[in-house]
Structure formats: C-alpha cells, structure tokens
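Just below is one structure, and these are the notes that go with it.
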Amino acid sequence: MVGASVTAPLVFVPAAVLVVAGIGKLRAPTAASDALRAGGLPSGRRAARLVGVAEAGVGVWAIATPAHASLAAAAALYAILAWFAVRLLRAPVAVASCGCFGADAPPSALHAGFDVAAALALALAAVRPPPGIAGLATAAPVAGVGLVAGCCAAAYAVTLVLAHLPAAVAAYRPQRGAA
C-alpha cells in the first residue's frame with residue numbers, strides 16, 4: 001500500500017486532468033477547434049469533441065485500471081499534447097486559447113512543461129502500475145478515500161494553475177521606484 005500511495009498520485013492526478021480537459025472540449029469545443037486549426041490539424045467541433053472523448057476516455061481508463069497499456073496510452077497522449085502546445089507556441093500568429101479546458105487561456109511554456117512531466121511520470125508508472133480505485137478501496141478503504149480526495153484536489157489545482165497562472169504572471173508589472 002505504501003508503494004501505491006507514492007505512485008498513485010503520479011497516475012491519478014494527470015489522468016484526472018485529462019478527464020477534466022476532455023469534458024471541457026465536449027462542453028465547449030470552439031476554442032479547441034480554433035486551436036486545432038491554428039496548429040494545422042483537422043479542426044471543427046466534431047474534431048475537437050473527438051479529442052475530448054479520447055482525453056476523457058484515456059483518463060478514465062488510467063484511473064480505473066492503471067496497467068501497462070492504459071498508462072502507456074496516457075503517456076503517449078500527454079507527449080502528443082506537449083508537441084501540440086509547443087506547435088501552438090511557435091505558431092506565426094498568437095493563439096487565443098489552446099482549448100484545453102474549454103475557453104481558457106493561450107498556450108504557455110508552463111502548459112507544455114506540465115504535459116512533458118505528465119508524460120514522463122505516466123511512462124515511469126507504467127513500469128510498475130499502482131492499484132486502481134477498486135484495489136485501493138479494497139486494500140485500505142479509509143486511506144484510499146483520502147488518497148482519491150487528495151488527487152482530485154491536486155488535479156483541480158493543476159487545471160487552475162495551467163489555465164490562470166500564465167496570465168497572472170504576464171499581468172504583473174512591478175512599479176519602478178516604489179520603495
């Protein structure tokens with residue numbers, strides 16, 4: 001159970017972020033469609049929603065049954081998302097939103113970095129996957145509830161940071177001569 005308490009957040013947090021991002025694209029596909037177009041990929045509401053279904057599906061799969069295949073799929077999906085974020089950052093025209101959580105914020109280096117870190121964490125976790133939600137509930141129900149609640153809170157915090165921190169940092173302009 002100790003190993004699960006260490007590796008489970010490395011799986012559940014990025015997987016939950018995938019679920020949130022997927023649901024965001026399903027609810028509000030316009031920003032994701034615009035980002036796909038700006039990235040030179042097939043776009044439209046249907047394409048954005050397909051991406052959302054893939055993200056949510058892989059995220060749920062990784063949470064429910066973290067195994068070699070599900071974690072490798074989640075790692076590969078995050079690697080693709082990192083590539084796409086970098087592609088948007090290098091686009092000749094600034095992109096209004098990466099569309100990750102619906103109509104959120106422009107792509108950022110922070111977002112690309114998170115995608116790379118999530119891909120690496122999930123790939124490493126695929127070597128020795130933690131138990132899934134059912135396994136945690138059976139092995140240690142009280143600790144499992146705390147672990148799941150903590151992972152949900154962390155995933156929510158990650159979505160807020162990715163969506164709002166870059167704009168907050170860009171808006172900060174220290175006043176010169178203020179003492």
Side-chain angles (χ1 to χ4, degrees), residues 9-63 66 68-127 151 154-176:
L10 297 176
V11 170
F12 295 151
V13 171
V17 171
L18 280 177
V19 174
V20 171
I23 291 170
K25 287 175 185 67
L26 292 171
R27 290 181 64 225
T30 303
S33 175
D34 293 345
L36 289 168
R37 185 178 315 102
L41 298 174
S43 60
R45 295 173 67 85
R46 180 176 290 167
R49 284 193 168 123
L50 285 174
V51 172
V53 166
E55 287 177 341
V58 168
V60 167
W61 183 28
I63 291 169
H68 301 294
S70 63
L71 299 182
L77 183 53
Y78 266 113
I80 292 167
L81 292 171
W83 166 82
F84 185 66
V86 170
R87 185 174 177 111
L88 290 178
L89 286 169
R90 293 185 175 181
V93 176
V95 178
S97 173
C98 61
C100 288
F101 305 112
D104 53 0
S108 68
L110 174 67
H111 202 137
F114 172 79
D115 290 344
V116 168
L120 291 173
L122 288 161
L124 289 172
V127 173
C151 289
Y156 180 65
V158 166
T159 62
L160 290 175
V161 167
L162 293 176
H164 301 293
L165 183 63
V169 169
Y172 175 71
R173 305 258 190 265
Q175 294 180 357
R176 298 195 184 260

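One-based numbering along the sequence shown.
Between the side chain of Arg87 and the main chain of Gly39, a donor-acceptor pair closer than 3.5 Å is present. Here the side chain of Tyr78 pairs a donor or acceptor atom with the backbone of Pro14 at under 3.5 angstrom.
The SG atom of Cys98 sits 9.5 Å away from atom CG of Leu81, with the distance rounded to the nearest 0.5 Å. With rounding to the nearest 0.5 angstrom, the CD atom of Glu55 is 9.0 Å from the CG atom of Leu26. Here Leu122 contributes atom CG and Leu18 contributes atom CG; the two are 7.5 Å apart, rounded to the nearest 0.5 Å. Rounding to the nearest 0.5 angstrom, the gap separating the CG atom in Leu10 from the CG atom in Leu120 is 11.0 Å. Here the CG atom belonging to Asp115 is positioned 11.0 Å from the CD1 atom belonging to Ile80, to the nearest 0.5 angstrom.
Contact between Val13 and Ala154 at its shortest, heavy atoms only, is CG2-CB, 3.8 Å. Here the shortest heavy-atom pairing between Ala62 and Leu71 reads CB-CD2, 4.0 Å. Between Leu36 and Ser43, the shortest heavy-atom contact is CB-CB, 3.9 Å. Closest approach of Ala119 to Ala79, counting heavy atoms only: CB-N, 3.8 Å. Scanning all heavy atoms of the two residues, the minimum distance from Gly44 to Ser33 falls at N-OG, 2.8 Å. Taking all atoms of both residues into account, the shortest heavy-atom contact from Pro66 to Val11 is CB-CG1, 4.1 Å.
Cys100 has its side chain within reach of Lys25: a pair of non-hydrogen atoms, C-beta onward, lies under 4.5 Å apart. Considering only heavy atoms from C-beta on, Phe114 stays 4.5 Å or farther from Val161 through its side chain.
Taking the salt bridge (Lys or Arg N to Asp or Glu O under 4.0 Å) definition, one finds that Arg45 meets it with nothing, sequence neighbours left out.
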